[in-house]
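Worksheet: one structure, shown below.
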Number of protein chains: 2
Amino acid sequence: MNKINLTTQRKAILDIIQQSHDHPTAAEVIERLREQGRQFAYGTVYNSLRYLTDMGLIRELKLGEAASRYDARTDEHQHIVCRRCGRVDEVLTDIPAAWLEAVARETGYAIDRAQAVVEGVCAECRNSGK
Amino acid sequence: MNKINLTTQRKAILDIIQQSHDHPTAAEVIERLREQGRQFAYGTVYNSLRYLTDMGLIRELKLGEAASRYDARTDEHQHIVCRRCGRVDEVLTDIPAAWLEAVARETGYAIDRAQAVVEGVCAECRNSGK
DNA sequence: GCAATATTTATACTAAATCTAAATATAAAC
DNA sequence: GTTTATATTTAGATTTAGTATAAATATTGC
Ligand SMILES: [Mn+2]
Ligand SMILES: [Mn+2]
Ligand SMILES: [Zn+2]
Ligand SMILES: [Zn+2]
């Protein structure tokens with residue numbers, strides 16, 4: 001039962017992630033810190049993001065882009081990425097348990113979890129550019 | 001209808017991907033080329049992998065690990081990764097279309113495709129380690 | 001064969017993230 | 001409340017995966 005140690009830096013970074021709903025990257029977190037007039041060492045931001053992830057306060061998302069994104073929503077959910085504008089939205093409809101069971105049968109694996117990245121065009125992009 | 005130009009290098013790399021069933025990374029491709037006594041420039045391997053991917057002869061997989069993996073199987077399918085030994089196996093059971101439809105309704109996106117990475121422990125690892 | 005085009009090569013460079021060791025800050029012991 | 005121990009931050013070097021560049025080589029069209 002390790003107590004969570006929220007330093008000034010970690011708290012500031014956690015706040016940004018919790019106030020952001022667009023799954024920011026580490027670079028975007030640094031940018032938003034700077035907008036607030038704060039500036040921490042490069043490594044501190046990465047260390048803090050890892051710490052907060054390890055403590056279960058945030059989640060790291062690897063969606064196949066170059067950089068990881070971070071999410072204050074820690075409950076199991078999936079993501080959808082717009083092919084046009086790059087935005088990342090939540091997918092709260094659960095992956096069907098029956099599919100995971102079928103995959104377990106097919107592969108012989110004991111399944112822990114599944115991550116889905118859906119790709120498409122968001123409503124906004126569809127409306128604007130024909 | 002662009003003709004595919006398979007140079008010596010591209011052919012050798014394609015052969016390795018087609019003969020491998022473990023979804024090798026670029027580094028592993030280089031390693032296997034060396035085992036065959038062949039050695040191409042670093043950049044040539046990356047260029048060739050990109051070319052073969054663009055031509056649709058192979059697929060690039062971004063499974064959330066640091067490095068991309070490559071797959072000679074180009075039909076739509078998913079992957080499962082062993083948490084213990086790191087092996088990557090095929091998942092041929094399709095993601096349910098009903099789930100994708102539910103996601104489209106939920107998000108308002110026009111969905112192009114979905115990639116799932118399932119994580120678990122493979123049969124072999126389960127048998128060996130307790 | 002000779003010019004035009006494409007590919008390979010070696011090398012430099014980039015982006016994301018980690019590692020290192022010194023400097024600070026925080027907590028525990030006297 | 002000073003001293004000692006532990007944890008964290010910092011700046012900078014390092015790593016890893018991959019891309020960009022420009023010269024050298026190979027291939028194709030005439
Ligand atoms: Mn999310
Ligand atoms: Mn595959
Ligand atoms: Zn969009
Ligand atoms: Zn395994």
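Naming convention: chains lettered A, B, ... in sequence-line order (proteins, then strands); numbering from 1 in each chain.
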Distances under 3.5 Å only, N/O to N/O: pair up the protein atoms with those of nucleotides 26-28 of chain D.
none

Is there a path of hydrophobic side-chain contacts, each under 4.5 Å between heavy atoms of I, L, V, M, F, W or Y residues, that connects [X] with [Y]?
{"X": "A/Y70", "Y": "A/L61", "result": "no"}
{"X": "B/I4", "Y": "B/I16", "result": "yes"}
{"X": "B/I80", "Y": "A/W99", "result": "yes"}
{"X": "A/I95", "Y": "A/V103", "result": "yes"}

Contacts of type side-chain hydrogen bond (donor to acceptor under 3.5 Å, both in side chains), residue A/Y109, not counting sequence neighbours: B/D89
A/E31: side-chain hydrogen bond (donor to acceptor under 3.5 Å, both in side chains) partners, not counting sequence neighbours: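 None.
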Summary of ring pair (Phe, Tyr, Trp, His ring centres under 6.0 Å) pairs that have at least one residue in residues 43-64 of chain A, sequence neighbours excluded: A/Y42-A/Y46
Using whole Å, report how far [atom1] of [X] lies from [atom2] of [N].
{"X": "B/K3", "N": "C/dT7", "atom1": "NZ", "atom2": "P", "answer": "11 Å"}
{"X": "A/K62", "N": "D/dT16", "atom1": "NZ", "atom2": "C1'", "answer": "13 Å"}
{"X": "A/E65", "N": "D/dG18", "atom1": "CD", "atom2": "C1'", "answer": "16 Å"}
{"X": "B/I13", "N": "C/dT7", "atom1": "CD1", "atom2": "P", "answer": "13 Å"}
{"X": "A/L6", "N": "D/dT8", "atom1": "CG", "atom2": "C1'", "answer": "13 Å"}
{"X": "A/I30", "N": "D/dA11", "atom1": "CD1", "atom2": "P", "answer": "12 Å"}
{"X": "B/D54", "N": "D/dG18", "atom1": "CG", "atom2": "C1'", "answer": "15 Å"}
{"X": "B/E28", "N": "D/dG18", "atom1": "CD", "atom2": "P", "answer": "11 Å"}

Residues forming a ring pair (Phe, Tyr, Trp, His ring centres under 6.0 Å) with A/H23, sequence neighbours excluded: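 Scan of A/H23 (ring pair (Phe, Tyr, Trp, His ring centres under 6.0 Å), adjacent residues dropped) gives A/H79.
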Provide a list of protein-nucleic acid N or O atom pairs under 3.5 angstrom, restricted to nucleotides 11-22 of chain C.
from: C/dA17; atom 1: OP1; to: A/S68; atom 2: N; distance (Å): 2.8
from: C/dA17; atom 1: OP1; to: A/S68; atom 2: OG; distance (Å): 3.4
from: C/dA17; atom 1: OP2; to: A/Y46; atom 2: OH; distance (Å): 2.9

Candidate nucleotides D/dT8, D/dA11, C/dA10, ranked by approach to the side chain of B/A41 - the nearest: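 Nearest to the side-chain atoms of B/A41, counting from C-beta on, is C/dA10.
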Residue from A/H21, A/E90, A/R59 passing side chain to side chain contact (heavy atoms under 4.5 Å, CB included) with A/R73: A/E90
Sugar-phosphate only, base, or nothing, as touched by A/T7 at under 4.0 Å among non-hydrogen atoms: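 Counting heavy atoms under 4.0 Å across all strands, the contact made by A/T7 is with sugar-phosphate only.
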Contact under 4.0 Å: A/Q9 side-chain N or O vs D/dT10 OP1/OP2: yes
